[in-house]
Amino acid sequence: MSKKYHTIVIGGGCLGVACALSVQRKLGNKPGKVAILEKKVLGAGLSSRHSAIVRSANASPMAARMAKLSTQYWKNLKPIWGVEIPYEQSGAIWIADKNDEKAAKSWRSLELSMQKEGIDFAMISHKDVQDLSHQGLKTLPDELYYYEPEVLQLDSPQILNAMQTAVKKNHIDVFEHCEVIDFQHDTQHGIKTIASSQGQFFAENVVNASGAWSSELFAGMGLTIPVALQPVYVANFLVSASDIPESLPIIADFVNQAYFRRWRGSILHMHQPRRRQSKDIASSFSRASMNPEGANVIYDALSFNVHHQQLEDYLGKVTSRFPKIGHPVYAGGYHSFFDITPDLKFILGLDTQINNLYHCLGAGQALKYAPILGELIADLILEQPTTSASINLQEFSISRFASKDFADYWRTESAQQNAL
Ligand SMILES: Cc1cc2nc3c(=O)[nH]c(=O)nc-3n(C[C@H](O)[C@H](O)[C@H](O)COP(=O)(O)OP(=O)(O)OC[C@H]3O[C@@H](n4cnc5c(N)ncnc54)[C@H](O)[C@@H]3O)c2cc1C
């Protein structure tokens with residue numbers, strides 16, 4: 001088999017698969033093929049440890065605009081991926097602290113900016129929350145509630161299966177157990193050769209979709225790709241349908257720092273959101289430099305362990321928000337990691353030093369964006385007019401890190417502003 005490709009995608013997570021599918025489809029009858037090089041199996045990284053929620057509200061209006069388009073793709077994937085994935089439109093309720101004036105103000109301005117983007121995200125009353133949760137959710141006078149009805153809930157194993165089917169259907173060459181080790185490059189041609197555990201590969205274009213592994217993988221080329229891991233514990237509890245209705249919207253509880261959702265029938269699934277405080281982001285980056293395992297910690301079976309204290313903490317959050325449940329039955333949990341950047345925004349588009357290298361990294365919130373990011377990266381590679389003329393990727397370019405010391409991000413409020 002020839003190992004010369006039009007485009008090689010490094011990393012077979014949701015973003016890598018989305019990029020490969022879009023480039024291959026947009027190539028049409030033009031010569032050239034697309035390959036994915038994945039060091040384990042498709043979806044082995046963070047793409048198997050997420051909650052499969054697709055929503056649009058985002059503090060960055062450009063990210064929200066992309067998410068809105070992406071939501072439409074998820075609802076009708078067949079034209080772009082050749083497969084369909086079932087979804088439920090569960091909607092989401094956001095809970096904010098009314099007494100935190102600064103936060104309340106930013107939620108109100110978020111509502112306005114989402115409405116400008118045509119995204120249905122609006123404040124609702126306590127009674128609305130009670131009705132939507134069938135009286136299952138405890139509401140408090142000093143809380144504010146927002147509702148986003150278009151939010152979708154998918155199922156992670158169904159997404160992984162669809163990724164496998166889609167790459168086959170679209171004739172993408174997938175090399176699993178194929179670890180990219182090194183690159184040969186020069187300033188004129190960019191990356192000329194990709195050295196892997198299965199020999200050398202050649203490609204006109206290279207997409208970096210290796211997520212949390214990016215820093216380590218490209219350090220040898222002198223590229224700085226700032227991605228670190230922020231640990232998060234995920235827990236499932238068994239609940240009865242009479243305690244919490246199956247139709248419960250996703251609950252994004254920013255008072256208790258917890259996301260909750262009904263999952264696969266009898267489960268209440270929960271985890272903490274990404275931490276936005278500058279000091280938390282800074283410590284994730286500092287921890288990265290002390291972690292000899294690097295991003296491989298994601299594959300480590302020991303990272304699935306549960307700590308008693310975390311479980312107690314989560315139980316407290318469940319019982320205070322869902323009083324009817326009482327003390328719920330623990331039904332398993334695991335650690336996962338958000339693949340964060342210093343400002344919690346994506347890294348997207350052409351590299352500033354290597355002229356055939358494109359980045360597609362998700363900053364801990366990528367699944368929902370996978371179809372639109374695949375389309376946009378394919379447009380860049382094929383130099384086509386963009387999928388949507390209203391999208392500008394400049395805000396997410398890796399060039400933003402060149403002129404700024406990372407610590408500057410942690411001294412400013414930039415990540416906190418990206419509140420969702
Ligand atoms: C608890 C939790 C819940 C989440 N819930 C949601 C959600 O509801 N909605 C949402 O949109 N997002 C969610 N996310 C975020 C989402 O999981 C990630 O942003 C997304 O999965 C990242 O996808 P990716 O393709 O960029 O990375 P990955 O899936 O990590 O893929 C990177 C791939 O690169 C491969 N690789 C690495 N190095 C090499 C190499 N040298 N050679 C070859 N291959 C290599 C890895 O094996 C891996 O498969 C959640 C995250 C967490 C932690």
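Along the sequence shown, residues carry numbers from 1. One-based numbering, in listed order, for ligands and for the atoms of each. Here the structure is a predicted model, which is why all the values come from computation and not from measurement.
By the 4.0 Å N-to-carboxylate-O rule, Lys40 lies too far from Glu179 to be salt-bridged with it. Using a cutoff of 4.0 Å between basic side-chain nitrogens and carboxylate oxygens, Asp343 and Arg400 are scored as salt-bridged. Between Glu117 and Arg65 a salt bridge is recorded (basic side-chain N to carboxylate O distance below 4.0 Å). Note on Lys75 versus Glu150: salt bridge recorded, some NZ/NE/NH1/NH2 to OD/OE distance being below 4.0 Å. Ion pair Lys345/Glu395 flagged as a salt bridge, since at least one NZ, NE, NH1 or NH2 atom sits closer than 4.0 Å to an Asp/Glu carboxylate oxygen.
Looking at Leu37 against ligand 1, only its backbone comes within 4.0 Å, counting heavy atoms.
Summarising the contacts of atom 47 (O) of ligand 1 with Tyr299, Phe346, Trp213, the nearest heavy atom is found in Tyr299. With atom 26 (O) of ligand 1 as the reference point, the heavy atom nearest to it among Leu15, Ile53, Val9 is part of Leu15. Evaluated by nearest non-hydrogen atom to atom 39 (C) of ligand 1, the leading choice among Glu216, Lys39, His271 is Lys39.
Looking only at protein heavy atoms, the nearest one to atom 41 (N) of ligand 1 is Val180 O, 3.0 Å. Of the protein's non-hydrogen atoms, the one nearest atom 14 (N) of ligand 1 is His50 CB, 3.6 Å. Closest protein heavy atom to atom 52 (C) of ligand 1: Phe338 CE2, 3.4 Å. Here the heavy atom of the protein found nearest to atom 19 (O) of ligand 1 is Ala366 N, 3.0 Å. Nearest protein heavy-atom neighbour of atom 34 (O) of ligand 1: Gly11 CA, 3.3 Å.
Under the 4.5 Å side-chain criterion, counting only non-hydrogen atoms from C-beta, Trp94 is in contact with Arg55.
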